[in-house]
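Shown next, in structure tokens, is the structure this report addresses.
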Amino acid sequence: MDTLSHKEEIREKVSDYLEIVRNFADLLREENEALEQFDTEKVAALYEQKVKLVTAYRAFVAFFIKNQEGLKLLEQDEKLLLREESLKLDELQHQNHTLLQTRMQVSQTIMDSIVNLAKKRTQDFSTSYGAQGKYSPLDNSKNAIAINRTL
């Protein structure tokens, strides 16, 4: 009788886990689409929900790691469903990682270009006091540049 109640508990956990996985997959699809369209406002709006889903997902994964023996009580079709949904989520996570990494690299390249342009312009057009205390355009290589950015 104890095995039957444990099996039902595992099935309930699997059902909850599948719901979290599907919600997480839907969110990742939405975020990936927003990333592809450079819609940073939508990505930012999804962040809080993503954190909650990741936290719940990790809790279920930890539960299943601790209760691997219980998973053996599941029917073969239930195991296959778990595997399929997990693989779909894994693919979406990989795509999300790639898109996020690409967007961050693009943002960094843009910021680097702006900084380099500002440095070049500052070097070409500014003057400062030189080592001799004379006002001169020759010794302006150490002028400070400040960039305030929000990504």
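Throughout, residue positions are numbered sequentially from 1 according to the sequence presented.
- Between atom CG of residue L46 and atom CD of residue E30 there is a gap of 4.5 Å, rounded to the nearest 0.5 Å.
- Taken to the nearest 0.5 Å, the CG atom of N32 stands 10.5 Å off from the CD atom of Q93.
- L99 and L28 sit in two unconnected hydrophobic clusters of ILVMFWY residues. Membership requires side-chain heavy atoms under 4.5 Å apart, directly or through other members.
- Note on L73: it does not cluster hydrophobically with L18, by side-chain heavy-atom contacts below 4.5 Å among ILVMFWY residues.
- Taken together through direct or relayed side-chain contacts under 4.5 Å among Ile, Leu, Val, Met, Phe, Trp and Tyr, L100 and L92 form parts of separate hydrophobic clusters.
- Salt-bridge annotation for K7 and E75: present, with a side-chain N of the basic residue lying under 4.0 Å from a carboxylate O of the acidic one.
- Residues I65 and L82 share a single hydrophobic cluster, defined by chaining ILVMFWY side chains whose heavy atoms lie under 4.5 Å apart.
- Listed by first and then second residue, the side chain to side chain donor-acceptor pair (under 3.5 Å) pairs involving residues 51-63 amount to none (not counting sequence neighbours).
- The line from CD of E78 to CD1 of I10 is 11.0 Å long, rounded to the nearest 0.5 Å.
- More than 12 heavy atoms of other residues, nucleotides or ligands lie within 6.0 Å of CD in Q105, so this atom counts as buried by the packing criterion.
- I20 and L53 make their closest contact through CG2-O, 4.1 Å (heavy atoms, listed as atom of the first residue, atom of the second, distance).
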**Pair F60-V14, side-chain contact (heavy atoms from CB on, under 4.5 Å): steps then yes or no** = CA-CA 9 Å; F60 277 105; V14 166; over 6 Å; no

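- Taking every heavy atom of both residues into account, L35 and R103 meet most closely at O-NE, 2.8 Å.
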**Asked** Could you walk me through whether E19 and R22 pass the salt bridge (charged side-chain N to carboxylate O under 4.0 Å, His left out) check?
**Response** CA-CA 5 Å; E19 183 178 340; R22 289 176 181 139; over 6 Å; no

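- Remark: E69 engages K72 in a salt bridge, criterion side-chain N to carboxylate O under 4.0 Å.
- If you take OG1 on T102 and CE on M104, they are separated by 9.0 Å, rounding to the nearest 0.5 Å.
- Qualifying salt bridge (charged side-chain N to carboxylate O under 4.0 Å, His left out) partners for K79, counting only residues two or more places apart in sequence or in other chains: none.
- The two residues F24 and V54 come nearest to each other via the heavy atoms CZ-CG2, 3.5 Å.
- The closest donor-acceptor contact from the side chain of D39 to the backbone of K42 lies under 3.5 Å.
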**Item:** Stepwise side chain to side chain donor-acceptor pair (under 3.5 Å) test for D112 and Q108
**Value:** CA-CA 6 Å; D112 289 346; Q108 186 62 49; 2.8 Å; yes

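- By the rule that hydrophobic residues join a cluster once side-chain heavy atoms approach within less than 4.5 Å of another member, V43 and F38 end up as members of separate clusters.
- Sorted by first and then second residue, the salt bridge (Lys or Arg N to Asp or Glu O under 4.0 Å) pairs with a member in residues 87-100 read E85-K88; sequence neighbours excluded.
- Cation-pi geometry between K13 and F63 is met: the NZ or CZ atom falls under 6.0 Å from the ring centre, inside 45° of the normal.
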